[in-house]
A.B. asks: 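Quick one: the structure is below, questions incoming.
This one's a predicted model, so the numbers in the text were calculated from it and none came from an experiment. By convention in this document, chain letters (A, B, ...) are assigned in the order of the sequence lines, proteins followed by strands, and residues within each chain are numbered from 1.
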There are 2 protein chains.
Amino acid sequence: MTVSITDVARATGVSASTVSRALRGQPGVSDEVRDRITTIAARLGYTASRSASSLASGRTFTIGVVVPYVGRWFFGTVLDAAERVFSAAGYDVLLYNLGSPETRKRFFTKMPVRKRVDAVLSLLIPDEEESFALRSLGVPLATTVGGPRPGFTVVGIDDHAGTESAVRHLVNLGHRRIGMISGSSGLQHWTTPVERRRAYLDVLADAGIEHDPALEADGDYTVEGGERAMMELLAVSRPPTAVFAQSDEMAMGALRALRRHRLKVPDDVSVVGFDDHELADVIGLTTVAQPVAGQGAEAARLLLRQLDEPEAEPPRHVQMPIRLVLRETTAPPYPRGPQ
Amino acid sequence: MTVSITDVARATGVSASTVSRALRGQPGVSDEVRDRITTIAARLGYTASRSASSLASGRTFTIGVVVPYVGRWFFGTVLDAAERVFSAAGYDVLLYNLGSPETRKRFFTKMPVRKRVDAVLSLLIPDEEESFALRSLGVPLATTVGGPRPGFTVVGIDDHAGTESAVRHLVNLGHRRIGMISGSSGLQHWTTPVERRRAYLDVLADAGIEHDPALEADGDYTVEGGERAMMELLAVSRPPTAVFAQSDEMAMGALRALRRHRLKVPDDVSVVGFDDHELADVIGLTTVAQPVAGQGAEAARLLLRQLDEPEAEPPRHVQMPIRLVLRETTAPPYPRGPQ
DNA sequence: CGCTGTTGCGCAAGCGTTTGCGTTCAGTTT
DNA sequence: AAACTGAACGCAAACGCTTGCGCAACAGCG
């Protein structure tokens, strides 16, 4: 049926071991024999069985990538970049899309990647328990999005500084009632929302603005959630004149809500997002830009380096640059007369 | 180091074969022994080595998914849905992200999925040559996006009808100069752009409108491409009053170009897209909606069914429903006086 | 009480590679 | 010419699981 290494060996008149060595570029094979083997293998359409070779060698040449919601722009983009790096290095990618809490839990208890991968890249920082499970695999680990975590190479951004620049921008424009649409996403351990909230509070305090809990709403990191959150914020007695959304998608949802309420942006309400989504430019959304693909590629590269030099390369924490991109959704508060 | 099936066997006091049968729910094991094995296996944290079991059984419980650009909303969403179906059925997903023509070519010549997967789902219809390569794998195949193809289960939409509804809508509004932003994407064989162009021409002919080649531009299925294409269309002597873009992303690029030119939408130019992108609603884009996640899930289900009943389930072609969604980017042409 | 069936389990032969070690042999050194 | 290299290659034992087959043990039957 399918052609095996012994078929190639027989056709060439050598042993299977020589074929194996020849095809993997190992020494101990003369150039002439190697050439013969290569051409014959190609003619027969031979591909080594990954199952067999990983069983024998212990290496799988496969990397597990754990991602919440491949469908979301952020993660899709990170994954895209990481995959390119992996496949260019000859690694295959096993994708685990952990959309719901149940699938997430099932993944970390059953650990289907055990003995299947040489390394794991998690596109969202795992919590303590999950980290423990991953470390038990005994393979190099990396993660994007989140703070430092022992045993992991993590590449992320300075969430505090990013948020700071966004909220401070609103303050500088003269806003005093500044709302925030956050995203807990049901994952308590995730540091990003926490860190961004802290920065939000810090800037307010720094500017001498009293914090009003009614100006915080949860947008679940989705467009719909952002829309709902904005509705909530508009329903409070003194609605905000500006809103900081922890992601562009939520900011876009907020824009939709505002449009439905016949409110002008930025005249009536200013909005600033986070991420610099591909379409933020189309919409004219002011936002905090972060290198999304860049983080995926960098994490992948660091992971590969650990794979190459297991000892020499310790896990580390790298932070990528961010910058505030000013567009058309922010302006000074509209002078509505004395309030 | 890692715990193997013989460790479990020894700890339970049975043979490895019994452990294997017990854990996979096969008959020939008493309930009492099965329970003992299950608990002991759990206690030891045993997971069967996929390499070993696929080598022995010939099944990999892995499905290869070939996708151009995971980062793009459409494919990301299809992939998300398909992955859920596969993982729920106990299959792992090997992801092949074929961004550039080179990686695409390399994939189809080297065929890294050979002997690695039980089935292949291609999120973009492969061309003749690629189809041949895939068929040589001897596993069930499915694809989304594209016309029927022998040997493949394909789920798609009626591109002709969808485009027809979009362009006819513009005609009915009174437009006579209707441009089109298409996307060749460098893949000549791909039927979608061809089919949509044919429908575009058909509607024009049907409405007695003469076709002007200057009103067609290529947008490469990206936002930037759409923007460039719109620029081109605005540069012709008598620019269009309405534009049909073959994807929402290109439509959004067109909107950006129009905004830069200080042209009002829909007052000066009407725009209609295709896909019903997650953010089309936010932007208020009129578009042809298609079930994106639905196609991924359906293709995945059909593929699994073929896997279960290799003979009984022949490849087939299913078409999913489409509908025109009217929003705020289309209106009758602005009466600009006699032209 | 022997006979046939059934159930529960172990034996051992694979599955297709990789890899340590042994062998051959041509070429180099004393 | 003998001894000694090293390069090139083959042998065979893993790697960890699956599965056909065989063999007990036991139940049910006449």
A.B. asks: Kindly write out the residues that satisfy salt bridge (charged side-chain N to carboxylate O under 4.0 Å, His left out) with B:Asp35, not counting sequence neighbours, or none if the list is empty.
C.D. replies: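 Checked B:Asp35 against salt bridge (charged side-chain N to carboxylate O under 4.0 Å, His left out); zero matches.
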
A.B. asks: Considering every strand and a 4.0 Å limit on heavy-atom distances, what is the contact class for A:Arg21: base, sugar-phosphate, or nothing?
C.D. replies: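 Base, at least one base atom sits under 4.0 Å.
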
A.B. asks: Is the number of heavy atoms from other residues, nucleotides or ligands within 6.0 Å of CD (A:Glu129) greater than 12?
C.D. replies: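 No, CD of A:Glu129 has 12 or fewer neighbouring heavy atoms, counting only those of other groups under 6.0 Å.
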
A.B. asks: For the helix from C:dC1-D:dG30 to C:dT30-D:dA1, what is the angle between the axes at its two ends, each from 5 pairs, rounded to 10°?
C.D. replies: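 For the helix from C:dC1-D:dG30 to C:dT30-D:dA1, the axes at opposite ends meet at about 50°.
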
A.B. asks: Who are the ring-ring contact (aromatic ring centres under 6.0 Å, His included) partners of A:Phe86, not counting sequence neighbours?
C.D. replies: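 If we apply the ring-ring contact (aromatic ring centres under 6.0 Å, His included) test to A:Phe86, skipping adjacent residues, there are no hits.
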
A.B. asks: Between B:Tyr69 and B:Phe75 (judged by ring centroids, cut-off 6.0 Å), do the two rings come close enough to count as a pair?
C.D. replies: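 Ring centres of B:Phe75 and B:Tyr69 not closer than 6.0 Å.
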
A.B. asks: Starting at CG of A:Leu303, measure out to CG of A:Leu141 and round the result to the nearest 0.5 Å.
C.D. replies: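 The CG atom of A:Leu141 is 7.5 Å from CG of A:Leu303, to the nearest 0.5 Å.
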
A.B. asks: With sequence neighbours excluded, tell me which residues meet salt bridge (charged side-chain N to carboxylate O under 4.0 Å, His left out) with B:Arg21.
C.D. replies: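 With sequence neighbours excluded, B:Arg21 shows a salt bridge (charged side-chain N to carboxylate O under 4.0 Å, His left out) to no residue whatsoever.
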
A.B. asks: Under 4.0 Å, heavy atom to any atom of DNA chain C: which of residues 24-44 of chain B qualify?
C.D. replies: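 The answer is B:Gly28, B:Val29, B:Ser30, B:Val33.
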
A.B. asks: Check every nucleotide of DNA chain C for an atom under 4.0 Å from a heavy-atom of chain A, then give the first and the last such nucleotide from 5' to 3'.
C.D. replies: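 From 5' to 3', the first and last contacting nucleotides are C:dG16 to C:dG20.
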
A.B. asks: Which residues satisfy the salt bridge (charged side-chain N to carboxylate O under 4.0 Å, His left out) test with B:Arg34, sequence neighbours excluded?
C.D. replies: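 Scan of B:Arg34 (salt bridge (charged side-chain N to carboxylate O under 4.0 Å, His left out), adjacent residues dropped) gives none.
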
A.B. asks: Do A:Ser54 and A:Phe61 come close enough that some side-chain heavy atom pair is under 4.5 Å?
C.D. replies: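 No, too far: nothing below the 4.5 Å cut-off.
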
A.B. asks: Tell me, which pairs form a ring-ring contact (aromatic ring centres under 6.0 Å, His included) where one or both residues lie in residues 28-55 of chain B, sequence neighbours left out?
C.D. replies: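 Matches after skipping sequence neighbours: none remain.
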
A.B. asks: Can you check the B:Leu55 CG to D:dG16 P distance for me, whole Å?
C.D. replies: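 Value for this atom pair: 12 Å.
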
A.B. asks: So which of residues 7-17 of chain B are in contact with DNA chain C, with a heavy-atom cut-off of under 4.0 Å?
C.D. replies: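 Under 4.0 Å from DNA chain C: B:Gly13, B:Val14, B:Ser15, B:Ser17.
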
A.B. asks: Identify, with sequence neighbours excluded, every residue that meets salt bridge (charged side-chain N to carboxylate O under 4.0 Å, His left out) alongside B:Arg36.
C.D. replies: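 B:Arg36 satisfies salt bridge (charged side-chain N to carboxylate O under 4.0 Å, His left out) with B:Glu32 once adjacent residues are dropped.
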
A.B. asks: When you get a sec, tell me which of D:dC9, D:dG16, D:dT18 is the closest nucleotide to the side chain of A:Thr18?
C.D. replies: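 Nearest listed nucleotide: D:dC9.
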
A.B. asks: List for me each residue that meets side chain to side chain contact (heavy atoms under 4.5 Å, CB included) alongside A:Ser100, sequence neighbours excluded, and say none if there are none.
C.D. replies: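 Expected list: A:Glu102, A:Thr103.
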
A.B. asks: So A:Ile40 and A:Arg43, do their side chains get closer than 4.5 Å, heavy atoms only?
C.D. replies: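 Answer yes - side chains close enough.
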
A.B. asks: Using the side-chain hydrogen bond (donor to acceptor under 3.5 Å, both in side chains) criterion, which residues pair with A:Ser122? Sequence neighbours excluded.
C.D. replies: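 A:Ser122: no side-chain hydrogen bond (donor to acceptor under 3.5 Å, both in side chains) contacts found.
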
